[in-house]
**Q** 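Quick one: the structure is below, questions incoming.
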Amino acid sequence: MEQDAMEQDAVARDAMEQDAVERDAMEQDGPLVRDVFPDLTADLVRLLEAEGELWLAVCAYDLRLLEECDCRNDFCQSFLTHRHPPGTPYGPGHRMVALDPGNGFLNLDVVDGRIVYVELVDRPPLRRASPQPSGGAEAEHPGL
């Protein structure tokens, strides 16, 4: 009977996290991180999967870049993925997930199953994706 209760709790928690993600997706704006920093997204997914954070690995693929850190430290490349009032604690649903990228620090602030902040410190500079061609015949057939 304890096993049933634990499974029901896990299902309820997953449903709550999915609802939060869907609700937030409608409220958020900003480019997808995977479109701006595809290498970072691949790293996040890989590192989260290695840590057994499969749900967060799925969420990492759909992160939005709302605001880059304005601390102006050249070693910081952190960014906000969900709106949050500055200087206020995240509250009871918060946890920090520390990942080991091999160099520097890569930490995620997670609230109720959502990645709300990506902290990147002392890491190699992020490479932005090159702009995609706008389409049309020239894009498909260069030299026309």
Side-chain angles (χ1 to χ4, degrees), residues 3 6-144:
Q3 182 68 23
M6 288 173 42
E7 288 176 12
Q8 288 175 347
D9 287 347
V11 168
R13 185 177 60 246
D14 288 347
M16 182 178 68
E17 290 175 353
Q18 180 66 32
D19 289 344
V21 168
E22 289 173 1
R23 182 178 61 249
D24 286 343
M26 292 185 289
E27 297 171 1
Q28 299 301 313
D29 53 359
L32 289 165
V33 174
R34 70 176 182 249
D35 291 342
V36 179
F37 301 119
D39 293 342
L40 174 63
T41 299
D43 286 346
L44 282 172
V45 170
R46 179 181 52 78
L47 291 167
L48 286 163
E49 287 174 347
E51 288 293 318
E53 296 280 359
L54 302 181
W55 174 251
L56 292 180
V58 170
C59 294
Y61 189 73
D62 291 324
L63 288 178
R64 295 209 173 256
L65 177 62
L66 294 188
E67 185 177 323
E68 294 185 50
C69 180
D70 62 358
C71 73
R72 299 183 190 211
N73 292 315
D74 56 354
F75 57 81
C76 178
Q77 301 176 83
S78 304
F79 57 91
L80 189 68
T81 63
H82 286 269
R83 304 251 180 253
H84 183 78
T88 61
Y90 284 116
H94 174 257
R95 68 186 176 110
M96 196 270 293
V97 177
L99 301 172
D100 183 8
N103 55 2
F105 298 96
L106 177 49
N107 301 318
L108 306 176
D109 284 308
V110 178
V111 178
D112 296 328
R114 301 181 307 238
I115 300 169
V116 297
Y117 192 77
V118 177
E119 181 183 26
L120 295 160
V121 176
D122 291 329
R123 303 258 306 138
L126 292 173
R127 292 184 310 163
R128 290 188 180 265
S130 58
Q132 298 297 317
S134 61
E138 294 89 24
E140 289 181 31
H141 305 285
L144 286 182

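Sequential numbering from 1 along the given sequence is applied to the chain's residues. Being a predicted model, the structure only gives us computed values, none of them experimental.
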**Q** Please name the pair of heavy atoms, one in Asp122 and one in Phe105, separated by the smallest distance, quoted to 0.1 Å.
**A** OD2-CE1, 4.3 Å
**Q** Phe79 and Leu40: side chain to side chain contact (heavy atoms under 4.5 Å, CB included), yes or no, with the steps?
**A** CA-CA 12 Å; Phe79 57 91; Leu40 174 63; 3.7 Å; yes
**Q** Locate the shortest heavy-atom distance separating Cys59 from Gly113; write the atom from each residue and the value.
**A** SG-O, 4.0 Å
**Q** What I'd like to find out is whether the side chain of Leu108 reaches to under 4.5 Å of the side chain of Leu99, using heavy atoms alone.
**A** yes
**Q** Once side-chain hydrogen bond (donor to acceptor under 3.5 Å, both in side chains) is applied, do any residues pair with Asp35, and if so which ones, sequence neighbours excluded?
**A**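 With neighbours one apart ignored, the set is empty.
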**Q** Mind checking what makes salt bridge (Lys or Arg N to Asp or Glu O under 4.0 Å) contact with Glu68, not counting sequence neighbours?
**A**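 Salt bridge (Lys or Arg N to Asp or Glu O under 4.0 Å) check on Glu68 returns Arg128.
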**Q** Mind checking the CE-OH spacing from Met96 to Tyr117? Nearest 0.5 Å is all I need.
**A** 13.0 Å
**Q** Just verifying a value: how many Å separate Leu80 CG and Leu65 CG, rounded to the nearest 0.5 Å?
**A** 9.0 Å
**Q** So, do Val116 and Val110 sit near enough that their side-chain heavy atoms are less than 4.5 Å apart?
**A**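 Side chain of Val116 against side chain of Val110, heavy atoms only: no contact under 4.5 Å found.
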**Q** Could you walk me through whether Leu106 and Leu47 pass the side chain to side chain contact (heavy atoms under 4.5 Å, CB included) check?
**A** CA-CA 10 Å; Leu106 177 49; Leu47 291 167; 3.7 Å; yes
**Q** Do Leu44 and Leu63 pass the side chain to side chain contact (heavy atoms under 4.5 Å, CB included) test, and can you show the C-alpha distance, the side-chain angles, and the key distance before you say yes or no?
**A** CA-CA 10 Å; Leu44 282 172; Leu63 288 178; 4.1 Å; yes
**Q** Rounded to the nearest 0.5 Å, what's the gap from SG on Cys69 to CD on Glu119? Could you check?
**A**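 Between Cys69 SG and Glu119 CD, I get 9.0 Å after rounding to 0.5 Å.
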**Q** Should Val97 and Asn107 count as side-chain neighbours, where that means a heavy-atom distance under 4.5 Å?
**A** no
**Q** For the SG atom of Cys76 and the CG atom of Asp70, what is their distance to the nearest 0.5 Å?
**A**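 Going from SG on Cys76 over to CG on Asp70, the span is 9.0 Å.
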**Q** What's the shortest heavy-atom distance between Val121 and Ser78, and which atoms?
**A** CG2-OG, 4.4 Å
**Q** Which atoms form the tightest heavy-atom contact between Ile115 and His82, and what is the distance?
**A**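 Of all heavy-atom pairs spanning Ile115 and His82, the closest is O-CD2, 3.0 Å.
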**Q** Under the side-chain hydrogen bond (donor to acceptor under 3.5 Å, both in side chains) rule, what pairs show up with a residue in residues 85-105, not counting sequence neighbours?
**A** Glu53-Arg95, His84-Thr88, His94-Asp109, Asn103-Arg123
**Q** Between the main-chain N or O of Arg64 and the side-chain N or O of Thr81, is there a donor-acceptor pair closer than 3.5 Å?
**A**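 Not confirmed, Thr81 side chain does not pair with Arg64 backbone.
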**Q** Start with the C-alpha gap between Asp39 and Leu126, add the side-chain angles, then the distance that decides, and say whether side chain to side chain contact (heavy atoms under 4.5 Å, CB included) holds.
**A** CA-CA 8 Å; Asp39 293 342; Leu126 292 173; over 6 Å; no
**Q** Report yes if the side chains of Leu48 and Val58 come closer than 4.5 Å at any heavy-atom pair, otherwise no.
**A** no
**Q** Main chain of Thr41, side chain of Arg34: is a donor-acceptor contact present, judged purely on distance under 3.5 Å?
**A** no
